[in-house]
Structures are given as C-alpha cells and as structure tokens.
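Report on one structure; see the data block that follows.
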Amino acid sequence: MCDGPNDTLARVIAILRVHTTEDALSECRSMITDLLDATSDPNLLKLLAEVDYLLAREKKRQGDIESAKEYANEAIALYNTLNINDLYDCAPVLWWLLPDCMHAGIVMSVLDVGGEK
C-alpha cells in the first residue's frame with residue numbers, strides 16, 4: 001500500500017517504465033487523478049496531460065478516433081492550464097516515452113486534433 005503522494009508517483013513512474021499498454025496507462029491515470037483530488041500540484045497536472053496524450057495516441061493506433069480525440073482534448077486543456085512558456089516548462093516528466101518538448105500544440109499536431117474551442 002502507498003504511504004503518500006510521493007509513493008504513488010514513484011509507482012506510476014515504475015509502471016510506465018515497464019508497461020505502456022492501455023491498461024497500464026489507464027491505471028496510472030486513475031492513480032494520478034486520485035492524487036489530484038487532494039492537491040493541484042502542477043507536476044501532477046503535467047504528468048496527467050502526458051498520460052492523456054499517451055492514451056490518445058494508443059486509442060488512435062487502435063482506430064478509436066473518438067476516444068483518441070477525448071483524451072487529446074483532456075491533454076490540451078491540461079497543457080493550456082499549465083501556462084508553458086519555455087523549454088524548462090515543456091520538458092516532459094515521462095521523457096523516455098515522449099518528444100523532448102510537450103505542450104498543447106504538440107498534442108494537436110501529432111494527433112491531428114484541433115482541440116476544443
């Protein structure tokens with residue numbers, strides 16, 4: 001059992017270092033969302049945006065375009081709240097799974113979605 005937010009984050013990172021299946025991503029998303037109920041830490045928001053992006057990419061790969069757009073729009077909304085202004089801000093937490101820089105524009109271009117207006 002996890003003792004706190006740092007333990008949960010360590011578990012999320014450990015899971016995603018080994019597994020990037022839809023099930024693993026969904027489990028990690030749930031764990032992050034549970035943590036966000038207690039705090040609004042920008043690093044958690046960034047991590048959730050990254051997981052949503054990975055879920056969108058997986059859904060698109062599976063041909064589930066509607067679900068891909070839903071996850072992409074979630075990621076875009078989160079990135080827009082993060083107010084990313086420089087290279088430090090856009091560096092991904094999940095650096096081994098993602099491009100060198102992550103922000104709403106990357107999600108829109110890679111997943112070919114316009115985001116919600």
Side-chain angles (χ1 to χ4, degrees):
M1 176 152 244
C2 294
D3 297 324
N6 288 336
D7 292 329
T8 301
L9 285 177
R11 184 156 186 256
V12 166
I13 299 296
I15 289 169
L16 294 176
R17 283 201 176 270
V18 178
H19 304 285
T20 56
T21 63
E22 182 181 352
D23 288 342
L25 290 166
S26 294
E27 178 184 353
C28 290
R29 186 180 196 286
S30 177
M31 292 167 66
I32 297 164
T33 302
D34 289 346
L35 281 178
L36 281 170
D37 288 342
T39 181
S40 61
D41 181 346
N43 289 319
L44 283 176
L45 293 173
K46 182 190 263 190
L47 185 57
L48 183 57
E50 292 176 9
V51 170
D52 281 344
Y53 167 80
L54 290 168
L55 278 163
R57 203 171 65 182
E58 177 62 19
K59 290 294 190 178
K60 184 177 180 182
R61 186 191 68 74
Q62 294 173 0
D64 185 352
I65 303 306
E66 286 307 310
S67 292
K69 286 182 179 182
E70 289 175 23
Y71 282 116
N73 285 328
E74 289 289 329
I76 290 164
L78 287 165
Y79 279 123
N80 285 337
T81 66
L82 290 170
N83 197 26
I84 293 173
N85 295 313
D86 58 34
L87 289 174
Y88 176 79
D89 293 339
C90 74
V93 176
L94 304 172
W95 54 268
W96 64 96
L97 294 172
L98 298 167
D100 292 339
C101 188
M102 285 299 298
H103 52 78
I106 297 292
V107 177
M108 286 185 269
S109 66
V110 170
L111 294 169
D112 194 28
V113 295
E116 289 184 338
K117 303 271 191 245

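Positions are given from 1, in the same order as the sequence printed here.
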- What are the two closest non-hydrogen atoms of Leu111 and Ala56, and how far apart are they? CD1-CB, 3.4 Å
- Expected output: side-chain Glu50 to main-chain Val93 donor-acceptor under 3.5 Å: yes
- Give the cluster check for Ile65 versus Met108: same hydrophobic cluster or not, with ILVMFWY residues linked at side-chain heavy-atom distances below 4.5 Å. no
- Task: Quick one: pull up CG in Leu9 and CG in Asp41 and give me the separation to the nearest 0.5 Å.
- Result: 7.5 Å
- Item | For Glu22, side-chain contact (heavy atoms from CB on, under 4.5 Å) partners two or more places apart | Ser26, Leu55, Glu58, Lys59, Gln62
- Message: Can you confirm whether Val12 sits close enough to Leu35 that some side-chain heavy atom of one is under 4.5 Å from a side-chain heavy atom of the other?
- Response: no
- Distance from Asp23 atom CG to Ile15 atom CD1, nearest 0.5 Å? 11.5 Å
- Please name all residues satisfying side-chain contact (heavy atoms from CB on, under 4.5 Å) with Pro42, sequence neighbours left out, ordered by chain then number. Leu82
- Message: Are Val110 and Tyr53 packed together at the side-chain level, in the sense that at least one heavy-atom pair is separated by less than 4.5 angstrom?
- Response: yes
- Nearest-0.5 Å distance, CG of residue Leu25 to CG of residue Leu97: 8.0 Å
- Query: Considering only heavy atoms from C-beta outward, does the side chain of Leu16 approach that of Val51 to under 4.5 Å?
  - Reply: yes
- Contact summary for Asp89 and Lys46, nearest pair of heavy atoms: O-NZ, 2.8 Å
- Item | CG-CD distance between Leu48 and Glu74, expressed to the nearest 0.5 angstrom | 7.5 Å
- Message: Any non-hydrogen side-chain atom of Leu94 less than 4.5 Å from a side-chain atom of Ile13?
- Response: yes
- Can you tell me how far the CG atom of Asp52 sits from the CG atom of Leu47, to the nearest 0.5 Å? 10.0 Å
- According to the side-chain hydrogen bond (donor to acceptor under 3.5 Å, both in side chains) rule, which pairs have a member within residues 91-102, sequence neighbours left out? none
- Item | Distance-minimising heavy-atom pair for Pro99 and Pro92 | O-CG, 3.2 Å
- Task: Could you tell me whether the side chain of Leu54 reaches within less than 4.5 Å of the side chain of Leu98, counting heavy atoms only?
- Result: yes
- Message: Nearest 0.5 angstrom please: Leu36 CG to Leu45 CG, how far?
- Response: 5.5 Å
- Sidechain-backbone polar pair: His103 side chain, Gly105 backbone, donor-acceptor under 3.5 Å: yes
